[in-house]
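It should be emphasised that the depicted structure is a prediction, and the values quoted were computed from it without experimental measurement. Just follow the structure's listing: the first ligand is 1, and inside any ligand the first atom is 1.
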Amino acid sequence: MPERIVILTGSGISAESGISTFRDKGGIWSKYNVNDVATPEGFARYPKLVLDFYNMRRRIHKEVQPNPAHLALARLEREYPGEVLVVTQNVDQLHELAGTKNLIHMHGEVFRAWCMACDARCDWCDDLTPETPCPACKQTGSFRPNVVWFGETPYHMDVIADALAVASLFVSIGTSGTVYPAAGFVALARRSGARTVEINLEVSGGARHFDEFLHGPAGTEVPRFVERILAAR
Ligand code: BJW
């Protein structure tokens, strides 16, 4: 029976590429009110503020490159004989740029847009304003970044649940374990019999559910961990 690995990544994996995390000192939520910029209610109240926030994020994300942690996960997928699924909470493109193929963006993607009026989704690299019409239905005011805000349902939960139920190894990298449902994945995987490993600068909210902790920067610890898995197979 081939081994199945599920890897959950959070903003910490992209920190060494130059993307801010959310809750660390100086992180995004220390500069922006989460209720204003990351909820449907915030978008209804302050559409320009929210779209400008994501325009700024999109511009930063255009400039960054994958770091050794993203590259190591892509190598793991290429060289590991079993199945490797990366579930990222990140809206950046760094896993794709590194070469990862079996990838789920559970919180959406900043380079895609979604029309809440007609449900069309499309790639989107430019700035958005409240006057930007949806290319499909031409309506304005409902066209927004295709990201998952608080109170909205993350993407592909059924596929993720199936993968967690059969995982033999679950690895969490660079996430604080404070946002659900992602924060609950480790407990689900462990209940299904998976070995659980955390890679982080500090102990996360789900610490008690992990069998092993690798504390250090993802750019150093992930390549080392991948090397170990590939050597042991
Ligand atoms: C390094 C490092 C380095 C740094 N190397 N490591 C009460 C109880 C339970 C749940 C709820 C509740 N009230 C409401 C809820 C639900 C709510 C929730 O979880 N709230 C909590 C805050 C309490 N969740 C939701 O609403 C979600 N939807 C939902 O639950 O729907 C219901 C449903 C569930 C299941 C099935 C079906 C339906 C939606 C959550 C949406 C989150 N959205 C955001 C914004 C996305 C778009 C964008 O990017 O702008 O997602 S918020 C933000 O947090 C973003 C992230 O993906 C997410 C997680 O953050 P992350 O990545 O963990 O970042 P940090 O900053 O927290 O941590 C960084 C970590 O990296 C730290 O640990 C550092 O140590 C580490 N680090 N440098 C290694 N170099």
Taking it one step at a time, do Asp211 and Arg190 satisfy side-chain contact (heavy atoms from CB on, under 4.5 Å)? CA-CA 9 Å; Asp211 298 311; Arg190 199 184 214 191; 2.6 Å; yes
With a 4.0 Å cut-off on heavy atoms, does [X] reach ligand 1?
{"X": "Ser204", "value": "no"}
{"X": "Pro154", "value": "yes"}
{"X": "Ala38", "value": "no"}

What atoms of ligand 1 come within less than 4.0 Å of a heavy atom belonging to [X]?
{"X": "Pro217", "value": "5 (N)"}
{"X": "Ala15", "value": "78 (N)"}
{"X": "Tyr54", "value": "47 (C), 48 (C), 50 (O)"}
{"X": "Gly151", "value": "25 (C), 26 (O)"}

Using the six-membered ring wherever Trp is involved, compare the ring planes of His70 and His95 and label them parallel, tilted or perpendicular (cut-offs 30° and 60°). perpendicular
Return the orientation label for the Trp149 and Phe43 ring planes: parallel under 30°, perpendicular over 60°, tilted otherwise. tilted
Could you check which of [options] puts a non-hydrogen atom nearest to [atom]?
{"atom": "atom 27 (C) of ligand 1", "options": "Tyr180, Phe22, Tyr155, Trp149", "result": "Tyr180"}
{"atom": "atom 46 (C) of ligand 1", "options": "Val148, Val147, Thr39", "result": "Val148"}
{"atom": "atom 68 (O) of ligand 1", "options": "Ser20, Ser176, Pro181", "result": "Ser176"}
{"atom": "atom 76 (C) of ligand 1", "options": "Leu201, Asn200, Ile199", "result": "Asn200"}
{"atom": "atom 57 (O) of ligand 1", "options": "His107, His215, His105, Glu221", "result": "His107"}

Per-atom contact, [atom], protein heavy atoms, under 4.0 angstrom:
{"atom": "atom 8 (C) of ligand 1", "value": "no"}
{"atom": "atom 64 (O) of ligand 1", "value": "yes"}
{"atom": "atom 72 (C) of ligand 1", "value": "yes"}

Under 4.0 Å between a side-chain nitrogen and a carboxylate oxygen: does that hold for Arg224 and Glu227? no
Salt-bridge contact Glu212-Arg195 (side-chain N to carboxylate O under 4.0 Å): yes
Is there at least one pair of N or O atoms, one from Ala218 and one from ligand 1, spaced under 3.5 Å apart? yes
Looking only at N/O atoms, are Trp29 and ligand 1 under 3.5 Å apart anywhere? no
Distance-only side-chain donor-acceptor flag, [X] / [Y], under 3.5 Å:
{"X": "Ser14", "Y": "Ser11", "value": "no"}
{"X": "His61", "Y": "Glu109", "value": "no"}
{"X": "Glu77", "Y": "Thr100", "value": "no"}

Dump the intermediate steps for salt bridge (charged side-chain N to carboxylate O under 4.0 Å, His left out) on Arg57 and Asp92, then the final yes or no. CA-CA 9 Å; Arg57 303 264 306 280; Asp92 65 50; over 6 Å; no
For the pair Tyr54 and Arg144, evaluate side-chain contact (heavy atoms from CB on, under 4.5 Å) and give the outcome as yes or no after the intermediate values. CA-CA 9 Å; Tyr54 283 98; Arg144 54 169 270 194; over 6 Å; no
Does only the side chain of Arg23 get under 4.0 Å from ligand 1, or the backbone, or both, or neither? Count heavy atoms. both
Where on Arg57 is there a heavy atom closer than 4.0 Å to ligand 1, on the side chain, on the backbone, on both, or on neither? side chain
shortest atom 69 (C) of ligand 1-to-protein heavy-atom contact is with Ser11 OG, 3.5 Å
